[in-house]
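For the single chain, residues carry numbers from 1 onward in sequence order.
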Amino acid sequence: MDDRKVKQPAGGYDDTKIPHAPPGYTVKITFHRATNLPMADINSLSSDPFVLAQINTSLESRHKEDPHLRMRSKTVRKCTDPVWECEWIVANIPASGFKLKARIYDEDPADHDDRLGNVHVLVGQINEQWAGIKEQSYPIKKRMGSKRAYFVRAIAACFNKNTHMTGHLYVSVQVLGRTEGDEGGRAYTLGPCWWTKHYSPLLGRITGKKDVGDEESEKAKSKNKAQQYNFQANQFQLRGPVPADLYHRYVEFKPFVKSMFTGKGIRGFLLFKALHHQHARVYNFDRSTEYDIFQQPCKEMTLKFLDLVHWDEGGRIFTYVLTLDSLFRFTETGKEFGIDMLSKHTMHSDVSIYIAFSGEFFIRRLKYPDRDPPEEGGDNPSSPPDEISGGPSEGTLHKDPTYFELVIDNDSGTYRPNAKLLPQLKSFFEAQFPGLHISTLDSQGDAEKMAAMKQEQRDRKKKEGDHIVYKQLSRNSSMSSSDEEELDRLAAQGEPEDGTVIQNVKKEIKYKQDRKKDRLKTYKPGFSRDGVKGAGQAIGEKVEGSSSGDVESAPISGKENENIGGPEGAAVEGR
């Protein structure tokens, strides 16, 4: 057969080796606190600051497109003198030192995060005798900061002599010793292992994910009003490094794919922006975001992972991406989910050209904790297909990770991970989640088996009902009252039982277009407060029902709809 006819598209597994370098040093960076930050929120005369840090070294990367080594601190609410005490332990920093870039932002889930300033820490030669940096203050550069925030700070300084315009960031850097191993060609995050849980009521509405077991929700359901909806996304910073062979590039299965990842050309730019926008919405940080850390992998860390995936409840299947720096991102998946808007793995990776691995996984409960899973030949029934008495929420089974199995695969058309690397992926996760049984599936070699097991999950989900327990723990969210009214309208109209997000988004587009057409037919251009006037309407007189919020109160703006809905048909092939 002609090789040209069977040639696979460019991308997928990349066997490029990590450039050799001697073992480096393990460095602990601590962001202690900041003082005199500008006030990004005019109403509270305060900010919600966090640090986004990046390390640059002289180490040569495998490809110039490899993502930077980054870390995000937790957010401190309503404070211009925040205390983080946030640690970041990075391995294999070369003896030649590093450059630490720390950007301080104000978290603003309803808009874009405002930058409050930058700090650069330059560290030259390091070794085990290096004295380090001990809680040293660095002036925050205002040049890239929000002009509005600094203007408010300047006004405050005029009325208070104790208010200063220049802020400072306090940082410590300590060498912990030589990094273990014989190779020092790449720096990676060693710890701590932080996790975040992100909630999105708006995406929950779009994807049809409802809160259940809540009295208010049940009453709302009986009255045909809007119920509590939510969509949950999770991030888990695992202990690095990922195995060196886990290195995959996006697959150029269509000509437009390259432009989508590089942002070149009009179409590529729009797709690139739309995917970044999806990622930002799914992994949105706000007051409801949960955050905590583990110093290293332990049983408690395994239990937290099982909690994030809801144990063995609901027949859930999850989509995941593992980044090159051991960041594990995942959400529940399904044909009704918004993750399918463009390319779910591309969205999870935040349009990263290179990642470690990707695919899908689900959790099964085992009858016996000390036997191999049934997929490995063990006489150990799992649920499903065999129902096990004493569900995961009953008794003490749910407190022991040895009763559970993680079934993970390489089912990703975007990156097409190499099946031969599944054993390395298994070993990596076994080290991250002690006690948890790990089984792997090859999306091609085990296609029939994988399809049957996932079908069992879907059947169980259908049998148990769509019991998605994604609870909004905080009443604070980025949704406005007009958004809630729009959601009530959707609930009153009714939504398709298995409708995809594209159908719902297109429905929103059509609704707003019809509203605009009706207004154009009914009213003539004028100069009233609302920008329109009807026949015989006096200038400045309000027209009933013609508030400017009618068109813009939908959960998703028209421009966002155009970006998301337009290219969807092509990009969804990249799943």
Gap between atom [atom2] of [Y] and atom [atom1] of [X] - 0.5 Å precision:
X	Y	atom1	atom2	answer
L308	K197	CG	NZ	5.5 Å
L246	S358	CG	OG	11.0 Å
L270	H277	CG	NE2	13.0 Å
D442	N418	CG	CG	9.0 Å
L324	I353	CG	CD1	11.5 Å
L271	H276	CG	NE2	11.5 Å

Ring pair (Phe, Tyr, Trp, His ring centres under 6.0 Å) assessment of F318 paired with F362: CA-CA 6 Å; F318 296 85; F362 54 89; 9.5 Å; no
Would you name the heavy atoms of [X] and [Y] that are closest together and state the gap between them?
X	Y	result
A233	Y283	CB-CE2, 3.6 Å
R316	V309	CD-O, 4.3 Å
V351	F272	CG1-CD1, 3.8 Å
C193	F236	O-CE2, 4.4 Å
L190	R239	O-CG, 3.3 Å
D409	Y320	O-OH, 2.7 Å

Stepwise side-chain hydrogen bond (donor to acceptor under 3.5 Å, both in side chains) check, T323 with D325: CA-CA 5 Å; T323 72; D325 193 35; 6.0 Å; no
NZ or CZ of R72 within 45° of F50 ring axis and under 6.0 Å: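 Yes, a cation-pi geometry holds between R72 and F50.
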Geometric cation-pi criterion, K304 with W195: 6.0 Å, 45°: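 Relative to the ring axis of W195, which defines the angle, K304 lies inside both limits.
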Sidechain-backbone polar pair: [X] side chain, [Y] backbone, donor-acceptor under 3.5 Å:
X	Y	answer
D113	D108	yes
S349	S352	yes
E430	L425	no
N410	P417	yes
T440	I408	no
T302	P434	yes
S326	L322	no
D106	D48	yes

Between [X] and [Y], ring centroids under 6.0 Å:
X	Y	answer
Y247	Y354	yes
F328	F429	yes
F330	F361	yes
H248	F357	yes

Full working for salt bridge (Lys or Arg N to Asp or Glu O under 4.0 Å) between R186 and D66: CA-CA 11 Å; R186 59 169 170 162; D66 285 358; over 6 Å; no
Between [X] and [Y], does at least one N-O distance fall below 4.0 Å, as a salt bridge requires?
X	Y	value
E290	K74	no
R364	E405	no
E65	R249	no

Side-chain touch [X]/[Y], heavy atoms, less than 4.5 angstrom:
X	Y	value
F433	L306	no
H348	T331	yes
Q278	D350	no
V257	V251	no
E332	I317	no
M260	L275	yes
I363	F305	yes
W311	L303	yes

Test salt bridge (Lys or Arg N to Asp or Glu O under 4.0 Å) applied to R77 and E107, step by step: CA-CA 9 Å; R77 303 291 171 190; E107 182 182 289; 2.7 Å; yes
Audit row: N284, H279, side-chain contact (heavy atoms from CB on, under 4.5 Å) steps and yes/no: CA-CA 8 Å; N284 183 45; H279 178 87; over 6 Å; no
Heavy atoms from other residues, nucleotides or ligands near CD of E85 exceed 12 (cutoff 6.0 Å):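 Correct, the count exceeds 12.
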Neighbour count above 12 (heavy atom, 6.0 Å) for K258 NZ: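 Open: at most 12 neighbouring heavy atoms sit under 6.0 Å from NZ of K258.
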Residues Y199, S288; criterion side-chain contact (heavy atoms from CB on, under 4.5 Å); working and verdict: CA-CA 7 Å; Y199 297 94; S288 68; 3.9 Å; yes
Audit row: F404, H437, ring pair (Phe, Tyr, Trp, His ring centres under 6.0 Å) steps and yes/no: CA-CA 6 Å; F404 293 87; H437 295 274; 9.7 Å; no
From CA spacing to verdict: side-chain hydrogen bond (donor to acceptor under 3.5 Å, both in side chains), H198, N234: CA-CA 6 Å; H198 308 260; N234 310 277; over 6 Å; no
Reference residue M453; test side-chain contact (heavy atoms from CB on, under 4.5 Å); the match among K449, M450, Q455: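 Only one of K449, M450, Q455 forms a side-chain contact (heavy atoms from CB on, under 4.5 Å) with M453, namely K449.
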Donor on one side chain, acceptor on other, S412 and H345, under 3.5 Å: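 Looking only at side-chain atoms, H345 and S412 do form a donor-acceptor pair, the distance falling under 3.5 Å.
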Let me have the donor-acceptor pairs involving side chains of residues 292-300, under 3.5 Å, with sequence neighbours excluded, atom names and distances please.
none

Working for ring pair (Phe, Tyr, Trp, His ring centres under 6.0 Å), residues Y415 and Y250: CA-CA 5 Å; Y415 294 99; Y250 70 87; 7.4 Å; no
Chi angles and distances behind the side-chain contact (heavy atoms from CB on, under 4.5 Å) call for L327, L238: CA-CA 6 Å; L327 182 56; L238 305 180; over 6 Å; no
